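Please read all numbers here as calculations on a predicted model, not as lab measurements. In what follows, every heavy atom counts, from backbone to side chain, and hydrogens, waters and symmetry copies are set aside.
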Amino acid sequence: MTEISMHSQVIRLTADKPARFRKAIVFCCDTNYLPFALHAATEICAGTKTRDFDICLCFGEEVIRLPDSLSPLGIRQCHVDVGNSFKGLRLDEGRSHDVYLRIALPAAFATEYDRLLYLDSDIFVQGGDFSALMDVDIAPHCVAAVRDHIQWRSPTRQNARNKIKGVPASAYFNAGVMLMDVKAYNEQKLMQRCIDFGRARSAELTRHDQNLYNAVLQGDWAELSPMWNWQFSWSARLFSTLVSPHLLHFIGPAKPWKDRDAQFEPRFHRSYARFIATHFPRHQLESLVMPRLAPDSLKMTKMLIKHLLTRRKIARYLARFPDDLTVHL
């Protein structure tokens, strides 16, 4: 066990195996999302010929275990114990303080890694050079991320759920994919700043640590290409077929594994179903709903109109990133 004291907070890390490299891809999940996090991790391993980064699966209050069939991947299972560090932060009903676990990752891994790439569990991996992404320069910022999809077409637009009284509007990122410079993150005391703000404004915060990060950083972050976090919304999903992003992020309550409105491409459900049948045979995945979304349905009509009306704005946004490793500081 490693114990780190960071700006009055004590974080304890217990891992089942030592770190091999100086950078890592990290997932934080509970038992419900474990199969989907491991699906993403498996795809990353399959698409990387020579891996020079670790893959860590982190958990807090709820212990999780990898199936033996995935042990050849060498994934580190890491228990991150934050003690009472998150006491006083806002929680939705039925949630634990594990929803804030990513805030503590740079402290937990302070002696082991220089760079962390945090990924949400509802990410579908399609490709990408993850090692190269973790090596990009993001200084003087301590985190890099992709702009939230509501600002792809209108960079100054603010979602009502993201607004906090007294906090100026700024560029807003989606926290589902975050590149963290460990040393800079800890030197800038970002964990403590988030905790302090979260306790002081708990009644006004939503979306847990995503709003917390954005309120504290106020635009002080490096912007990555949407290739690394294509947020799969009804207003931009068709464009994704043209750019083939590395990571698709299933934002919102609808997911391919519980697609009751039949709105996702069947390939997602089939991929998850094959993986779960192999490694989680006791896990019951909902059946693929048929028939699928019809080409002449009202939802499809609205989607096509939205894409038609916003095509130039999306084109301007994508043009800001000549390649997938372009970073705006």
What about [X] and [Y], are their ring centers closer than 6.0 Å?
{"X": "Phe27", "Y": "Tyr33", "answer": "no"}
{"X": "Trp228", "Y": "His246", "answer": "yes"}
{"X": "His249", "Y": "Phe232", "answer": "no"}

Any salt bridge linking [X] with [Y]? Criterion: basic side-chain nitrogen under 4.0 Å from a carboxylate oxygen.
{"X": "Lys189", "Y": "Asp196", "result": "no"}
{"X": "Glu265", "Y": "Arg237", "result": "no"}
{"X": "Glu112", "Y": "Arg20", "result": "no"}
{"X": "Lys23", "Y": "Asp52", "result": "yes"}

Return yes if some donor-acceptor pair links the side-chain N/O of [X] with the main-chain N/O of [Y] below 3.5 Å, else return no.
{"X": "Thr241", "Y": "Leu238", "result": "yes"}
{"X": "His39", "Y": "Leu34", "result": "no"}
{"X": "Arg115", "Y": "Val136", "result": "yes"}

Residue that, paired with Trp230, satisfies ring-ring contact (aromatic ring centres under 6.0 Å, His included) out of Phe124, Trp152, Phe239:
Trp152
What distance separates [X] [atom1] from [Y] [atom2], expressed to the nearest 0.5 Å?
{"X": "Phe53", "Y": "Ile25", "atom1": "CZ", "atom2": "CD1", "answer": "4.0 Å"}
{"X": "His269", "Y": "Tyr272", "atom1": "NE2", "atom2": "OH", "answer": "11.0 Å"}
{"X": "Ile103", "Y": "Gln9", "atom1": "CD1", "atom2": "CD", "answer": "10.5 Å"}

State, with a plain yes or no, whether a side-chain heavy atom of Ser202 is found less than 4.5 Å away from one of Leu89.
no
Below 4.5 Å, heavy atoms only, C-beta onward: do Tyr113 and Asp54 meet side chain to side chain?
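A side-chain contact exists here, since the closest heavy-atom pair is under 4.5 Å.
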With clusters defined by side-chain heavy atoms of hydrophobic residues (ILVMFWY) lying less than 4.5 Å apart, directly or transitively, does Leu105 cluster with Phe173?
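Hydrophobic grouping puts Phe173 with Leu105.
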If you group Ile, Leu, Val, Met, Phe, Trp and Tyr by side-chain heavy-atom gaps below 4.5 Å, do Ile150 and Trp234 land in one group?
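No, because Ile150 and Trp234 fall into different hydrophobic clusters, even though each may have its own neighbours under 4.5 Å.
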